[in-house]
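Count residues from 1 along the sequence. Bear in mind that the values here come from a model prediction, so they are computed numbers and not experimental data. Worth knowing before you read on, the calculation uses all heavy atoms, side chains too, and leaves out hydrogens, waters and symmetry mates.
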Amino acid sequence: MLPVLPRVPTVVLSSQDVYEAYTGLRTGRELSPVPLTEDSPLRRDRYPHRGSGHPDVPDDYEKLDVEERWLREGAVVLRLPLVYGPYDWQRREEPILRRVRAGRTRIPVGAADLLWTKGHVDDLATGVLAALDSRAADGLAVNLGEHITVTVGTWFRQILDAAGSAAELVRVPDEALPADLALSGAVAQHLLVSVARARELLGWAPAPPDGRVAESVRWHLANPPETAWTEADAAADDAALARAS
């Protein structure tokens, strides 16, 4: 495909899961210091989603392969963080919101100390426009994300507050956590990312994060997924809560 495309300013969307730190997060090892920059070590293992069975992620999909080809062509490669906001098909807030809808008053969590840079979809859209409007980052990778990162535990509390819920986050052993709350377990590797290059080369900065979570939560509460809370879900939470410290 590349040889037949015209030579025009090109922006390629990638992800911050290209960093070796992502392997560390998945495997419980500390592999990279943070904050991560565009010069931080990249993953040595390829195709991390192979065998996942996810219908939207083919087994042969690898962002690093795409990055290498387009960087040689002079494209700007934008590495996106954990993306949230309206129309998020991954529904990042759903592990908490599904319990809010079910009227749960106690939610099991682990250490909830993970620092993972996020980005609201509207801010990331302005980052794409900035990359298209400037040639200063051509041929380079550029991280996007919020300037302020809170722990997963604080983020969960922000989601509850935005939803008007007084549910309690209850500390339980990591091994007792329901699968959809595994992100709240203790971690060895954080995914805290510097966006200094985006600021310096593109003149880009996200809007203050105050209110962004609430905006996202309002949309997702008004547009719930089809999947429902089940008795099995309740039983898994109750079993975890029974082991609260």
Side-chain angles (χ1 to χ4, degrees), residues 9-19 21-22 25 34-40 63 67 75-98 100 112-138 140-165 169 183-184 190-225:
T10 303
V11 174
V12 174
L13 301 185
S14 184
S15 167
Q16 288 159 13
D17 69 14
V18 299
Y19 291 113
Y22 182 71
L25 178 63
V34 294
L36 302 171
T37 73
E38 291 82 359
D39 298 319
S40 292
K63 298 181 184 74
E67 284 196 9
V76 182
V77 170
L78 296 180
R79 292 176 178 160
L80 305 185
L82 186 157
V83 183
Y84 72 99
Y87 300 97
D88 169 26
W89 63 274
Q90 297 190 72
R91 295 186 177 271
R92 306 286 191 172
E93 298 102 332
E94 190 59 19
I96 298 299
L97 293 182
R98 64 197 300 261
V100 171
D113 57 354
L114 172 63
L115 292 169
W116 190 342
T117 296
K118 301 188 296 298
H120 188 277
V121 62
D122 289 352
D123 291 324
L124 301 180
T126 66
V128 173
L129 294 176
L132 286 170
D133 289 341
S134 171
R135 306 279 58 81
D138 286 357
L140 296 175
V142 178
N143 290 325
L144 297 184
E146 293 175 341
H147 290 159
I148 298 172
T149 300
V150 298
T151 65
V152 162
T154 298
W155 180 39
F156 283 0
R157 186 71 260 167
Q158 290 174 340
I159 295 169
L160 289 171
D161 290 345
S165 171
L169 298 175
L183 196 66
S184 73
H190 297 281
L191 285 177
L192 183 67
V193 176
S194 168
V195 295
R197 179 176 289 182
R199 181 175 60 250
E200 293 166 4
L201 296 185
L202 303 179
W204 174 84
D210 297 345
R212 285 303 204 191
V213 172
E215 175 188 337
S216 181
V217 166
R218 284 194 296 272
W219 188 90
H220 286 284
L221 284 176
N223 298 272

**Student:** Could you tell me the separation between the CG atom of Leu36 and the NE2 atom of His190, rounded to the nearest 0.5 Å?
**Tutor:**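 One finds 11.0 Å between CG of Leu36 and NE2 of His190.
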**Student:** Where is the tightest heavy-atom contact between Pro81 and Gly119, given as atom of each residue plus distance?
**Tutor:**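 In terms of heavy atoms, the two residues are closest at CG-N, 3.6 Å.
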**Student:** How close do Glu67 and Ser15 get, counting heavy atoms only, and between which atoms?
**Tutor:**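 Nearest heavy atoms, Glu67 then Ser15: OE2-O, 4.5 Å.
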**Student:** Quick one: pull up CG in Leu160 and CG in Leu97 and give me the separation to the nearest 0.5 Å.
**Tutor:** 8.0 Å
**Student:** Side chains of Ser216 and Glu93: donor-acceptor distance under 3.5 Å anywhere?
**Tutor:**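 The criterion, which ignores hydrogens and geometry beyond distance, is satisfied for Glu93 and Ser216.
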**Student:** Between Leu114 and Leu25, is the side-chain contact (heavy atoms from CB on, under 4.5 Å) condition met? List the steps.
**Tutor:** CA-CA 9 Å; Leu114 172 63; Leu25 178 63; 4.0 Å; yes
**Student:** Name all residues meeting the salt bridge (Lys or Arg N to Asp or Glu O under 4.0 Å) criterion together with Glu200; count only those two or more places apart in sequence or in a different chain, and write none if there are none.
**Tutor:**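 In terms of salt bridge (Lys or Arg N to Asp or Glu O under 4.0 Å), with neighbours along the sequence ignored, Glu200 is linked to no residue.
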**Student:** Would you mind reporting whether Val193 and Arg79 have side-chain heavy atoms less than 4.5 Å apart?
**Tutor:** no
**Student:** Looking at CD1 of Ile159 and CG of Leu221, how far apart are the two atoms once the value is rounded to the nearest 0.5 Å?
**Tutor:** 10.0 Å
**Student:** Can you tell if the side chain of Asp138 reaches within under 4.5 Å of the side chain of Val76, non-hydrogen atoms only?
**Tutor:**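 The answer is yes, as the side chains (C-beta and beyond) meet within the 4.5 Å cut-off.
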**Student:** Please assess Leu80 against Gln16 for the test side-chain contact (heavy atoms from CB on, under 4.5 Å), listing each intermediate value before the final yes or no.
**Tutor:** CA-CA 6 Å; Leu80 305 185; Gln16 288 159 13; 5.7 Å; no
**Student:** To the nearest 0.5 Å, tell me how far Asp39 CG sits from Tyr19 OH.
**Tutor:**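 Result: 8.0 Å between the selected atoms.
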**Student:** Search all heavy atoms of Asn143 against all heavy atoms of Thr37 and return the closest pair with its distance.
**Tutor:**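 Closest approach of Asn143 to Thr37: ND2-C, 3.7 Å.
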**Student:** Which heavy atom in Leu169 sits nearest to a heavy atom in Gly153, and how many Å separate them?
**Tutor:**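 That would be CD1-O, 3.8 Å.
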**Student:** Could you tell me whether the side chain of Gln158 reaches within less than 4.5 Å of the side chain of Val217, counting heavy atoms only?
**Tutor:** no
**Student:** So His220 and Asp88, do their side chains get closer than 4.5 Å, heavy atoms only?
**Tutor:**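 Yes. Closest side-chain heavy atoms under 4.5 Å.
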**Student:** Evaluate Asp123 against Arg212 for side-chain contact (heavy atoms from CB on, under 4.5 Å), listing each step before the verdict.
**Tutor:** CA-CA 10 Å; Asp123 291 324; Arg212 285 303 204 191; 2.9 Å; yes
**Student:** Is the shortest side-chain heavy-atom distance between Val128 and Leu124 below 4.5 Å?
**Tutor:**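 Heavy-atom side-chain distance check fails, nothing below 4.5 Å.
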**Student:** Show the numbers, then the answer: is there a side-chain contact (heavy atoms from CB on, under 4.5 Å) between Arg199 and His147?
**Tutor:** CA-CA 10 Å; Arg199 181 175 60 250; His147 290 159; 3.9 Å; yes
**Student:** Under the rule for salt bridge (Lys or Arg N to Asp or Glu O under 4.0 Å), what residues qualify as partners of Arg218, not counting sequence neighbours?
**Tutor:** none
**Student:** Report the relative orientation of the aromatic rings in His120 and Tyr84; use parallel for angles under 30°, tilted for 30 to 60°, perpendicular for over 60°.
**Tutor:** perpendicular
**Student:** Can you check whether Leu140 reaches Glu38 side chain to side chain, under 4.5 Å on heavy atoms?
**Tutor:**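 Side chain of Leu140 against side chain of Glu38, heavy atoms only: no contact under 4.5 Å found.
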**Student:** Between Leu191 and Leu82, is there a side-chain heavy-atom distance shorter than 4.5 Å?
**Tutor:**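 Leu82 does not reach Leu191 side chain to side chain.
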**Student:** I want to check something: taking the side chain as every heavy atom from C-beta on, are Trp204 and Val142 in contact at a cut-off of under 4.5 Å?
**Tutor:**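 They are not in side-chain contact.
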**Student:** So which atom in Ser14 and which in Lys63 form the shortest heavy-atom distance, rounded to 0.1 Å?
**Tutor:** OG-CB, 3.6 Å
**Student:** Considering all heavy atoms of both residues, which atom of Arg135 and which atom of Ala131 are nearest to each other, and what is their separation?
**Tutor:**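 Shortest heavy-atom contact: NH2-O, 3.1 Å.
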